[in-house]
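Below: the structure, in structure tokens.
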Amino acid sequence: MGSLTKTVVLLCVISSVLCTPFINKLQPGQEWPTRSSVKQPYHQFDEIENGTISDTVATEVAAQEEKAPENNKPKVKEDDVERIDYSGAQVWKVSTKKSNAHRVINQLASEKLIASWGGNHTSIDILVKPKAVENVTATLKNKDIAYYIMIEDLQQRIDEENPPLDENELELQDRRGHRMTWKQYHRLEDIHGFLDYLAKTYPSIVSVNSIGKSHEGRDLKVLRISDGKKTNKAVFIDGGIHAREWISPAVVTYFINQFAENFDVESDDIRNIDWYFLPVVNPDGYEYTHKTDRLWRKNRRGFGGCAGADLNRNFGYQWGGKGASRYPCSEIYRGSGPFSEPESKAIAQFFKSTGADFSAYLTYHSYGQYLLYPWGYDNALPPDHKNLETVGKMMAQAIQKTGGSEYKVGSSSGLLYPAAGGSDDWAKSLNIKYTYTIELSDTGRYGFVLPASYIEPVARENLAGLRVLASQVNKE
Ligand SMILES: [Zn+2]
């Protein structure tokens with residue numbers, strides 16, 4: 001062995017990151033690079049704080065929901081599936097400008113009259129249960145807290161959200177070799193079928209691997225698009241961490257379709273990146289929102305009387321801090337420990353074992369129209385926050401120029417509220433430079449129940465944002 005080779009091998013043993021070009025001798029698109037040795041990004045496991053309950057609205061609502069069983073909602077039988085009926089439930093935007101607003105909202109939540117849908121520093125969106133409309137109206141009027149009704153009847157919106165495809169589309173679907181369209185929200189089977197179709201159709205650039213299984217045994221499929229150039233950068237994109245945010249997997253699969261179907265004519269910025277997409281991080285929850293409860297958020301693992309951990313509170317950096325709950329019935333239950341959930345754990349293991357050296361991690365959520373960078377766990381900023389702000393603003397500009405939607409840019413904790421255990425913080429802790437959580441449309445008119453006719457416009461404008469990111473990654 002020559003001395004140069006010896007040095008290279010030694011370097012490989014010390015640092016697999018440096019070695020990626022040397023170990024990646026595989027045919028383009030066929031096999032994925034894996035690490036020859038593994039760096040340990042989990043030092044923070046030793047630094048877990050005791051799960052302190054913060055005073056943020058979400059957390060208090062969570063704490064109050066400790067004993068609320070998930071099945072206290074009316075259900076109707078439909079095709080042998082118990083579907084939760086939201087008839088008469090409303091969604092309101094409540095101003096939090098008055099100092100007593102948070103206290104009043106927490107009180108209403110503790111009485112199980114409302115549930116939080118999210119908010120920022122000026123307002124909070126709440127779901128008002130059908131029987132509570134009168135009571136909550138009186139309370140807010142009495143306290144002089146401003147609000148307006150965004151959704152009069154939630155079930156009606158749910159019924160109108162995802163209409164069946166027309167005959168032309170159905171015919172196209174049969175001819176295409178996969179069932180995916182961006183005119184409808186599709187079941188997991190269609191999404192996975194689409195990924196497999198691309199791998200079969202474009203084997204030289206597209207490959208699909210299951211990086212693990214969900215609690216109920218569904219595959220966590222990652223699709224890679226790459227021409228195998230050794231100089232390529234790498235970008236990881238996921239969607240569907242939260243089950244009810246249907247626009248997210250729809251947008252991520254739109255990106256996949258664009259890059260895979262048009263790779264030959266795509267820009268160099270796109271072709272010089274190894275793309276990794278995990279469009280549905282939470283497949284059990286996603287299927288559950290289609291079959292049973294349209295507004296389910298968490299995964300579907302059982303914890304005593306309640307199901308589900310919030311996967312976006314389960315990642316292993318600053319796990320258990322502010323804005324995450326220790327109570328299994330809470331919507332923001334953090335899980336029993338960092339990466340206690342099979343879905344988040346699979347992502348962690350994938351990053352540990354992959355030989356790819358990621359320059360960017362993007363995670364798509366809804367709703368609110370925000371481009372958020374770390375940190376989320378507390379009001380703190382990473383050293384390169386100015387750079388993240390600048391690039392975020394460039395992405396937001398491209399989005400607005402393309403489709404007209406206005407996205408606000410800032411740190412998660414600063415623009416919204418602290419939420420520890422998020423995937424973005426964890427990705428940033430791995431030194432992935434461009435880490436963003438993107439909250440897609442809208443700003444509350446439809447909230448989570450965004451009609452399928454919005455998929456294409458939302459995806460198109462966000463593709464423009466993604467192109468800006470790709471260009472930036474190539475400049476690094
Ligand atoms: Zn989300």
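Keep in mind it's a predicted model, so treat the numbers as computed, not measured. Counting convention: from 1, in listed order, for ligands and their atoms alike. In this chain, residues are counted from 1 in sequence order.
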Can a cation-pi geometry be assigned to R313 and W319, taking NZ or CZ under 6.0 Å from the six-membered ring centre and within 45° of the ring axis?
->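 So R313 doesn't make the cation-pi contact.
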Checking only N/O/S atoms, does E439 have one that is under 2.8 Å from the Zn ion (ligand 1)?
->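 No N, O or S atom of E439 is closer than 2.8 Å to the Zn ion (ligand 1), so no.
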Which of parallel (below 30°), tilted (30 to 60°) and perpendicular (above 60°) describes F277 and F259?
->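 Plane angle between 30° and 60°, so tilted.
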Residue H365 atom name (nearest to the Zn ion (ligand 1); N/O/S) |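 Going by distance to the Zn ion (ligand 1), the closest N, O or S atom in H365 is ND1.
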Looking at H242, pick out the N, O or S atom nearest to the Zn ion (ligand 1) and give its name.
->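 The nearest such atom is ND1.
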Should the heavy atoms of other residues, nucleotides or ligands under 6.0 Å from NZ of K345 be counted, would the total exceed 12?
->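 No, NZ of K345 has 12 or fewer neighbouring heavy atoms, counting only those of other groups under 6.0 Å.
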Got more than 12 heavy atoms from elsewhere within 6.0 Å of NZ, K98?
->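 More than 12 heavy atoms, drawn from other residues, nucleotides or ligands, come within 6.0 Å of this atom.
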